[in-house]
Amino acid sequence: METSLVLQNVLTPPVLFFFLGLISVAVSSDLEIPAPLPKLFSLYLLLAIGFRGGFELQGGLNNQALFPSIVAAIAMSLAIPIICFIILRLKFDVFNSAAIAAAYGSISAVTFITAESFLKSQGIPFDGWMVAPLALMESPSIIVGLGLVKLCAPKNRPNTRIIKWRRILHESMLNGSVYLLLGSLIIGFLTAAHNPNGLEKIKPFTEGYLFYGVECFFLLDMGIVAAQRLPRLKQAGSFLILFAVLIPILNGCLGVFIAKQLLIGPGNALLFAVLCASASYLAVPTAMRMTVPEAKASYYISTTLGVTFPFNIVFGIPLYMSLVNNVLI
Amino acid sequence: METSLVLQNVLTPPVLFFFLGLISVAVSSDLEIPAPLPKLFSLYLLLAIGFRGGFELQGGLNNQALFPSIVAAIAMSLAIPIICFIILRLKFDVFNSAAIAAAYGSISAVTFITAESFLKSQGIPFDGWMVAPLALMESPSIIVGLGLVKLCAPKNRPNTRIIKWRRILHESMLNGSVYLLLGSLIIGFLTAAHNPNGLEKIKPFTEGYLFYGVECFFLLDMGIVAAQRLPRLKQAGSFLILFAVLIPILNGCLGVFIAKQLLIGPGNALLFAVLCASASYLAVPTAMRMTVPEAKASYYISTTLGVTFPFNIVFGIPLYMSLVNNVLI
Amino acid sequence: METSLVLQNVLTPPVLFFFLGLISVAVSSDLEIPAPLPKLFSLYLLLAIGFRGGFELQGGLNNQALFPSIVAAIAMSLAIPIICFIILRLKFDVFNSAAIAAAYGSISAVTFITAESFLKSQGIPFDGWMVAPLALMESPSIIVGLGLVKLCAPKNRPNTRIIKWRRILHESMLNGSVYLLLGSLIIGFLTAAHNPNGLEKIKPFTEGYLFYGVECFFLLDMGIVAAQRLPRLKQAGSFLILFAVLIPILNGCLGVFIAKQLLIGPGNALLFAVLCASASYLAVPTAMRMTVPEAKASYYISTTLGVTFPFNIVFGIPLYMSLVNNVLI
Amino acid sequence: MKRLDLIISERELDTIISALEKAEVPGYTVLKHATGRGPQTIVSEDMEFTGLGANAHVIVFCEGDILEKVKNHIGSTLSYYGGVAYVSDATEL
Amino acid sequence: MKRLDLIISERELDTIISALEKAEVPGYTVLKHATGRGPQTIVSEDMEFTGLGANAHVIVFCEGDILEKVKNHIGSTLSYYGGVAYVSDATEL
Amino acid sequence: MKRLDLIISERELDTIISALEKAEVPGYTVLKHATGRGPQTIVSEDMEFTGLGANAHVIVFCEGDILEKVKNHIGSTLSYYGGVAYVSDATEL
Ligand SMILES: Nc1ncnc2c1ncn2[C@@H]1O[C@H](COP(=O)(O)O)[C@@H](O)[C@H]1O
Ligand SMILES: Nc1ncnc2c1ncn2[C@@H]1O[C@H](COP(=O)(O)O)[C@@H](O)[C@H]1O
Ligand SMILES: Nc1ncnc2c1ncn2[C@@H]1O[C@H](COP(=O)(O)O)[C@@H](O)[C@H]1O
Ligand code: NA
Ligand code: NA
Ligand code: NA
């Protein structure tokens, strides 16, 4: 990996604001973005990327690489939790292992957005419909995670805690973030197909500088949140911290390798790798909290938000990019 | 009414997001737009349409149709509550009848905005100063509603509950939403008259894609709110539900008929009909809650938000449009 | 001072919205901008002006006037608190005098922004890097204020209340507002230097109409807040009210006089005068509340927000402008 | 010492606060954005944007004799607009 | 009269409210956006955006006999998801 | 069991929480964005944006003997910055 790539990634406004947030906690400034403002940013980003994904999907329907990419993405979101589960079982019980594993099978939309910004500032083209795989990777990993609990949980789990498949489907498909993302994708698709006029009117809202600005703001907040998670990592132990750094690298490599088979070009390949490497802090934690209360929330949240997210934002993206450059070209 | 018009209306992003909100409650997703974000959207929309109305009014001062339209609008907002009151008294006491009647005499700014979006996507021209009638229809209907209570309330209403005219004027003119709308209208007017430079700078904020995007977001929330009102409608009974569907149709027809006399063209005619047909969920409920606590808030809120608003957004607008097309042309 | 300048200033949208807020309290409308929306506006404005200042600074590095302006600004933020302290000691104890004095040595970013809008609507050019002096005037005045307490406080101040220099530096440099402003400035600088591509993408977010719109919204809120402070001014007494009007005039004159020596042109001169004349309601009150709890918050907040801020917004800016015109030309 | 818990609509908050001041309470604390159900109404968060507002929870720590005065001053507001008021014992830490 | 203070996660609020309704409480008040620490978890404001939600503080004023019913209905939720429930005395003002 | 109600400025929240942890309370709940008036200051919502912050209402359910420790740890903060602390009786549901 060329260090210049890392530097070029770090010197984009979103990543710089992420550092500003990190540092504010380190020097104990009282900078704070009070609730529900982060929720506003998060809702907006999900709506915007969903909508954009939808109309790009409409335009990309004829693209040969679309369908294989989606299938590969879903396959990865099914496979990664199982791999992670096996590794995590070395140290953790079924509940914690399954919850953490599900988070790594799923994705982080903001990591994806940051990767897109990186590609843009590098002038590397990519396809907008890569949002479709993103939108379809949340649910499968939740299903696998909860399925693992259902199958592997100790037999003496009390009756009240038996998970029903109905419940699993509900949690995986109707979680607010997943629902908004998929819903906006469908709306974008329908609008592109039937109302080009309406599309023109809403496109600048979902793509223009407002998106970039909100991305910066949200990363500022994520910097604060990530830094606040760090002290709680001590509890988690070094095994988990190592896991949170090595697994994204492993998954990112896997992603690059698969992207090569898909012949989707270097831009899309980076995005695919980032989807594999990133871990969810929206849908999955919520679903796990509801159905697997035995798992410690601080484990699956501190690792994804406190380690994997910053790692990917700062080092992961340029790392996977240089992998893509060396493997694909 | 041509079903194609309904479909064209439904396939605009704002209406699609409204459905997304409705469905999220139906399938019990946990999608939520926490307070005070809806307030932010609502404040922004009021400020923006008020300001836009003000500068369009400045440009339209010479338009012959302006003054008659305003007079007709005020007349409607005085007449509709009386008609509604007479109908509602068949089933409800004076307090509930007056409160519901006042809501239907007033307007819903978001229904108006949605109608404008519909006109734009249909390529039908309309005048920006139609916001002036909108801004002037809130207060009169509140005055009529409270006047009806003052005149018709049973004589044994306790002394503490006697409404003073001063209070009525205060509630009708200085309600936060009315005040912001009228104030922004005046600011827009003054800016257009004295500071064309400042006007150019703020116009994109009040008209551009930000407006359209916030409209989508707000309708997403309104979908959630409307769906949450539905269960409470059972209490209200079928008379009220029927009322909430038929009265907008009646008022919409009246509106189209009057618009024909005003010779204001099909675009403006639709907007006028929508003003008549829509019901208030901002200023009127607040004023009624303060001055007529005997009226059940769930009646006047559930009907306007849970039935009339969705009806107008989805079916009403295309219905009035086809009426306009058949009556005016 | 020509009254026409006042009128031209008053008839800009931001100032009109400020009046709309003031009046809403006067007529007791229930218009309200609930927390944390004002915080959102404030964070956005700080981030945007900081970022803009940063990249303008990058472009203005070769400008001869830059360095002298910064030095003069810091000197003023050190001198003004001492002057104010001496005057205030006539009536107030050390704690209150120091706290109020520090506020007047510091700046109000929104007054600065309003002055920029005024310059733009007058077509008078100014330099974007004037944000750099702004960003560097908050901390020194806090240091002077707390230093004055440390030196002049009665010897019988209990041990727990002894202020440590470390604490003073922390409060003055790492206050959330100062930190965000300085941090965004550095990010803007770095982006301009290393990532022109990223700069183009974020510039419209920090400069475009969104900025102007949020400025209007924030001034609407400031109008409400200022008017709500007024009743508490009675407690403060006429000495303080007079102080809050005369001191900005004095400081503004001083500012114009110094700006003349700096040869920075009329636009920059107005901005410099406004920096001197305005008083802080963000960083300084927070720092004082933490370290000098003996000072009455209602004194330093009511004067800055309730008197000096409105005075500057409405009369001060055109007054300093006409001073600039008469002194500089 | 006594502790008074008042739950009323945010729209009546100013009236209630003035009444408390008239009764000369030593202080009070207000928590807004409360929701709930009473014998008369349901107050939900999703209606806050309309201007109807949510409930406010007002806490007052004061001597028992002040409570009588409070009762006189807020009684009419509570009976007109609804809301509840409960008293418990409390001692300073 | 008794006063019941329940502190639970916002995610379980609907379940708890239904349980209270089943126990036929005369009313309740909910304060959301509470944070805190219990024997099991730390709940902080900065995680609200993820959908995990903060805590809710539920206050119920009711007769003592209703509390037994409440206990039966909410017990399983509390033991499954955590949360605390305390009772004190209260009298109407 | 006892119930402790603390009302302090949000700016001192971290200090107070550390003090509670040092006193080894079993848990606590925090409600931010409280406003109010005390003998010394008025805290209103419209100043929150400046960074002054509003008040926080901290609730602790704990055994009586822990309260003594709490008192020792938070006393100086309360007397320096203001705020109130009251105790009532409570029993687990
Ligand atoms: N028994 C109760 N326990 C707790 N809160 C209550 C109770 N009754 C009413 N409330 C609160 O007081 C508000 C006003 O009630 P109401 O008098 O029905 O309008 C409700 O929205 C609840 O928040
Ligand atoms: N002793 C306590 N005093 C006050 N609040 C508590 C206490 N224990 C728990 N809580 C609250 O109850 C929530 C749930 O606690 P837990 O049962 O640990 O999940 C915590 O987040 C606190 O807000
Ligand atoms: N008697 C009281 N009852 C309820 N809350 C109080 C009381 N006194 C003070 N407070 C609260 O404690 C905060 C700090 O008060 P102070 O000690 O005056 O700074 C106030 O803003 C109120 O929210
Ligand atoms: Na992944
Ligand atoms: Na109407
Ligand atoms: Na100054």
Side-chain angles (χ1 to χ4, degrees), chain C residues 21 25 32-46 103 108 110 157-161 171 175-180 218 221-229 231-232 235 280-302 304-305, chain F residues 5-23 29-59 67-86:
Chain C
V25 177
E32 192 200 14
I33 303 188
L37 302 183
K39 183 85 184 185
L40 173 65
F41 304 147
S42 172
L43 288 171
Y44 165 76
L45 292 175
L46 289 172
S108 146
V110 176
R157 210 186 182 215
N159 266 337
T160 49
R161 302 209 164 180
E171 288 297 327
N175 175 286
S177 315
V178 178
Y179 179 84
L180 181 59
F218 191 59
D221 185 60
M222 293 295 278
I224 299 175
V225 173
Q228 284 172 341
R229 292 306 102 191
R232 301 205 191 143
Q235 292 184 352
S280 169
Y281 50 79
L282 285 181
V284 180
T286 314
M288 294 301 144
R289 158 78 180 68
M290 293 299 283
T291 40
V292 195
E294 294 95 336
K296 283 195 91 159
S298 66
Y299 284 0
Y300 49 85
I301 293 174
S302 300
T304 55
L305 268 179
Chain F
D5 284 284
L6 273 167
I7 299 160
I8 43 131
S9 166
E10 282 180 14
R11 310 256 347 153
E12 279 83 65
L13 190 54
D14 288 345
T15 321
I16 292 285
I17 297 287
S18 325
L20 292 177
E21 294 290 12
K22 262 191 223 126
T29 295
V30 179
L31 290 149
K32 288 171 76 176
H33 314 294
T35 55
R37 185 182 67 69
Q40 297 160 42
T41 47
I42 303 185
V43 175
S44 65
E45 194 186 2
D46 59 355
M47 299 304 297
E48 264 193 89
F49 81 96
T50 61
L52 281 178
N55 289 333
H57 179 194
V58 182
I59 305 170
L67 287 180
E68 265 319 297
K69 287 198 270 175
V70 170
K71 191 173 174 176
N72 291 337
H73 283 98
I74 67 170
S76 65
T77 308
L78 286 194
S79 69
Y80 190 74
Y81 289 113
V84 295
Y86 286 91

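FYI, side chains are in, hydrogens and waters are out, and symmetry mates aren't considered; it's all heavy atoms of this structure. All of these numbers come straight from a predicted model, not from anything done at the bench.
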ask   = Do E12(F) and R289(C) meet the salt-bridge criterion of a basic N to acidic O distance under 4.0 Å?
value = yes

request  = Check salt bridge (Lys or Arg N to Asp or Glu O under 4.0 Å) between K296(C) and all other residues, then give those that pass, not counting sequence neighbours.
outcome  = none

query = Based on non-hydrogen pairs under 4.5 Å, which of Q40(F), H33(F), E45(F) is most in contact with chain C?
reply = E45(F)

Side chain / backbone / both / neither for [X] at chain F, heavy atoms under 4.5 Å:
X: M288(C); result: neither
X: I301(C); result: side chain
X: L305(C); result: side chain
X: E32(C); result: side chain
X: S42(C); result: side chain
X: A35(C); result: both
X: P38(C); result: both

task = May I ask you to list the residues in residues 46-54 of chain F that approach chain C closer than 4.5 angstrom, counting heavy atoms only, ordered by number?
result = D46(F), M47(F), E48(F), F49(F), T50(F), G51(F), L52(F)

message = I'd like to check Y300(C) versus T304(C) (side-chain heavy atoms, cut-off strictly below 4.5 Å). Are they in contact?
response = no

request  = Check side chain to side chain donor-acceptor pair (under 3.5 Å) between K39(C) and all other residues, then give those that pass, not counting sequence neighbours.
outcome  = none

Results of side chain to side chain donor-acceptor pair (under 3.5 Å) for T291(C) - residues two or more places apart only = none

ask   = Considering all heavy atoms of both residues, which atom of M222(C) and which atom of Y281(C) are nearest to each other, and what is their separation?
value = CE-CZ, 3.5 Å

message = Minimum heavy-atom separation for A283(C) and S280(C), please, with both atom names.
response = N-OG, 3.6 Å

message = Can you tell me if D14(F) has over 12 outside heavy atoms packed within less than 6.0 Å of its CG?
response = no

ask   = Counting only N and O atoms by type, is there a donor-acceptor contact under 3.5 Å from the side chain of S79(F) to the main-chain atoms of S76(F)?
value = yes

inquiry  = Please identify which of these residues, L46(C), N175(C), L282(C), meets the side-chain contact (heavy atoms from CB on, under 4.5 Å) condition with L180(C).
reply    = L46(C)

